[in-house]
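Working notes for the structure below.
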Amino acid sequence: MSRILIVEDELTIAELEKDYLELSGFEVEIEVTGDKGLARAIGEDFDLLLLDLMLPNVDGFEICRQIRERKNVPILLVSAKKDDIDKIRGLGLGADDYITKPFSPSELVARVKAHLARYERLVSSNVQENEVIEIRGIRIDKTARRVFVNEEERIFTSKEYDLLTFLAQNPNRVFTKEELFREIWEMESIGDIATVTVHIKKIREKIEYDTSKPQYIETIWGVGYRFKV
Ligand code: CA
């Protein structure tokens, strides 16, 4: 969920912005003074900043300038005066957008969404390529710990993911339940070898087309399991 910081000294306006953004599924925090807003914007990870210009202690111009020296987070300036717009442009503060009061809530939400989407594209295009295992339609993204079957994401618990990844990383090798239990559950005293069987069943339900004829994780009777390639 995207986190947004509102820095606005008029609490009724801040609360209104917060309500609308929360209704759109965002997590929202409010600060009512410039210095506190600046400190949090620098110290914490927000996905977007909504900054009023006229604020106690440190104004929105100064906050914007200081944030831009350190972070790429999208900044939307909120101004009560049309005159401020020229100033925002002239100063080259690096704000991504500005909006003048009074504004409609839907306009605010639309702008926020647009900037978040643009920022996400920017960030993801800079991300290093993830470490990926691909076997016959199954793709395991090890960096993100996500699993896709024919490009459709399947949700795994942490242990199911660990077990599937371990088997897929060692294809065609047969492991006994004891070996798998030691490998995945290590030092944890909870559970026993039956846990392995339960987890294999759950994984199969998520990756196999027909769990009675598994194409990926094979049962080797009397021995254990293997990931078939
Ligand atoms: Ca103000």
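Not measured: the values here are computed from a predicted model. The chain is numbered in sequence order, starting from 1. Order of appearance sets the numbers: ligands from 1, and atoms from 1 within every ligand.
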Using a strict 4.0 Å threshold on nitrogen-to-oxygen distance, state whether Glu205 and Lys202 make a salt bridge. no
Any protein N, O or S atom under 3.0 Å from the Ca ion (ligand 1)? Found Asp9 OD1, Asp52 OD2, Met54 O
Checking ring-ring contact (aromatic ring centres under 6.0 Å, His included) against His199, which of Phe156, Tyr225, Trp185 comes through? Trp185
Is there a donor-acceptor pair closer than 3.5 Å between any side-chain N or O of Glu160 and the backbone N or O of Thr157? yes
What about the rings of Phe166 and Phe227, do their centers lie closer together than 6.0 Å? no
Thinking salt bridges, do Glu178 and Arg182 make one under a 4.0 Å N-O criterion? no
Between the side chains of Thr219 and Arg204, does any donor sit under 3.5 Å from an acceptor? yes
